[in-house]
Amino acid sequence: MDHLLPKSTCPHIIDQKVISHGKYQGLATVTYIDPRDSTKTERERDFIFLVGRPRPNPVGTLMPNVYQDADGTWCTILVQQFRPQYESDTMEFPAGFISRRGGGGETAEQAAVREMEEETTKTGTVLAASPSLTSEPVRIAARLTGVLLRAADKQGAEAGQQRLDKGEFAVEWKVPLLELEDRLWAFEREGIVVDPRVWTFAMGIKCAAMLDMHKN
């Protein structure tokens, strides 16, 4: 099974062993020495990896976003989906894998717009893209790219429509930015698990509002 994990070129990695794997994910143990450890003590850690996905490159994208509704209120678009690993629904930003089809595949920015159009009734314009991100604190050996979008309603034949796979369901939420923290607590009381990146986004908005108050 170890062929599922390419040999590491990092000098601090001593060994990697695959414990088990499924169709999409596997569990492995890595033996390593922290580069700052003068005692050269070997340590072990379990981690999850994605089968068939090279680790150095971002494999997925997530889309924090802003959306101005018809009343002029600035909002963000979230999706509610059932996640069996949590045995409940989660509240997340739209997100998904970067496609490898068609030669070189697509960029993170292209994937972000496509996923927004698939999971919601919105399209998006790229405002910014992140450096390579980790999946911490859950240790999955996969990198992500965050892409900030300005969302807008789809027009034409796809107006008001999602593009979901058979058996896939995503409930779209439009949440005013200034109400986001309170709404996330309300979702939690309903038994919905909140994605940490959505919470971080809410805290960023709260910090910006606090700094603006102090400035004035």
Side-chain angles (χ1 to χ4, degrees), residues 1-10 13 16 18 20-28 30 47-67 76-85 90 92-159 161-170 172 195-198 200-201:
M1 291 193 293
D2 291 340
H3 69 279
L4 296 170
L5 272 179
K7 185 175 178 59
S8 175
T9 58
C10 175
I13 303 299
Q16 298 180 121
V18 176
S20 64
H21 71 93
K23 184 176 180 181
Y24 300 111
Q25 295 180 332
L27 177 64
V30 59
F47 68 94
I48 298 167
F49 66 93
L50 300 181
V51 175
R53 291 274 182 168
R55 279 188 279 171
N57 303 320
V59 299
T61 182
L62 60 117
M63 292 85 75
N65 62 84
V66 291
Y67 169 78
T76 192
I77 303 300
L78 304 176
V79 290
Q80 177 183 350
Q81 293 181 288
F82 177 72
R83 298 298 189 191
Q85 61 269 44
T90 60
E92 312 167 0
F93 286 125
F97 283 114
I98 298 170
S99 175
R100 297 179 295 178
R101 298 173 185 168
E106 62 185 352
T107 65
E109 292 86 348
Q110 291 169 334
V113 174
R114 174 182 57 76
E115 289 287 349
M116 175 66 82
E117 292 177 348
E118 289 178 358
E119 295 189 359
T120 76
T121 63
K122 306 292 185 282
T123 185
T125 301
V126 174
L127 299 178
S130 75
S132 185
L133 306 176
T134 72
S135 59
E136 296 290 348
V138 178
R139 295 183 177 88
I140 300 176
R143 302 187 189 194
L144 305 174
T145 297
V147 179
L148 177 64
L149 295 181
R150 177 164 182 175
D153 295 315
K154 291 181 187 174
Q155 304 296 318
E158 280 205 321
Q161 303 295 315
Q162 296 167 295
R163 251 189 274 144
L164 298 171
D165 294 332
K166 183 178 180 180
E168 182 183 14
F169 299 90
E172 179 179 324
D195 186 288
R197 290 157 289 206
V198 178
T200 302
F201 188 70

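Residue numbers count from 1 along this sequence. Since the structure is predicted, the reported quantities are computational estimates derived from the model, not experimental observations.
Shortest non-hydrogen contact noted between Thr145 and Leu133 is C-CD1, 4.3 Å. The shortest non-hydrogen separation linking Glu106 to Ser99 is OE2-N, 2.9 Å. Of all heavy-atom pairs spanning Ile13 and Ser8, the tightest one is CG1-OG, 3.5 Å. Listed here is the closest heavy atom pair of Thr120 and Ile77: CG2-CG2, 4.0 Å. Here the closest heavy-atom approach between residue Ala142 and residue Val59 is recorded as CB-CG2, 3.8 Å. Considering every non-hydrogen atom in both Ala108 and Thr61, the closest pair reads O-OG1, 3.8 Å.
More than 12 heavy atoms of other shown residues, nucleotides or ligands fall within 6.0 angstrom of atom CZ in Phe82.
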Do Val30 and Phe47 pass the side chain to side chain contact (heavy atoms under 4.5 Å, CB included) test, and can you show the C-alpha distance, the side-chain angles, and the key distance before you say yes or no?
CA-CA 8 Å; Val30 59; Phe47 68 94; 3.6 Å; yes
Might you work through the side chain to side chain contact (heavy atoms under 4.5 Å, CB included) test for Leu62 and Asp195, ending with a clear yes or no?
CA-CA 11 Å; Leu62 60 117; Asp195 186 288; over 6 Å; no
Does the side chain to side chain contact (heavy atoms under 4.5 Å, CB included) test come out yes or no for Thr134 and Arg143, once each step is laid out?
CA-CA 5 Å; Thr134 72; Arg143 302 187 189 194; over 6 Å; no
Go through Thr90 and Gln80 one step at a time and tell me if the side chain to side chain contact (heavy atoms under 4.5 Å, CB included) criterion holds.
CA-CA 6 Å; Thr90 60; Gln80 177 183 350; over 6 Å; no
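Residue Glu109 holds its CD atom at 9.5 Å from CG of Leu149, rounded to the nearest 0.5 Å. For the atom pair CE (Met63) and OG1 (Thr76), the distance works out to 11.0 Å, reported to the nearest 0.5 Å. Taking CZ of Phe93 as the start and CG of Leu148 as the end, the distance is 9.0 Å to the nearest 0.5 Å. Remark: Leu78 CG to Glu119 CD distance equals 11.5 Å, nearest 0.5 Å. We find the CZ-CZ distance between Phe97 and Arg114 to be 11.0 Å, quoted to the nearest 0.5 Å. Rounded to the nearest 0.5 Å, atoms CG (Asn65) and CZ (Phe201) are 6.5 Å apart.
Each of Met116, Gln81, Glu172 was scored for a side-chain contact (heavy atoms from CB on, under 4.5 Å) with Pro94, with one residue passing: Met116.
Within the 4.5 Å cutoff, the side chain of Glu115 has no heavy atoms near those of the Val79 side chain. Contact check for Leu50 versus Gln25: side-chain heavy atoms found under the 4.5 Å cut-off.
Scanning for salt bridge (charged side-chain N to carboxylate O under 4.0 Å, His left out) contacts around Arg83 gives Glu92, with sequence neighbours left out.
With hydrogens and angles disregarded, a donor-acceptor distance shorter than 3.5 Å links the side chain of Gln162 to the backbone of Ala170.
Ion pairing between a basic and an acidic side chain is recognised when a charged N comes within 4.0 Å of a carboxylate O; Glu117 and Lys154 show no such pairing.
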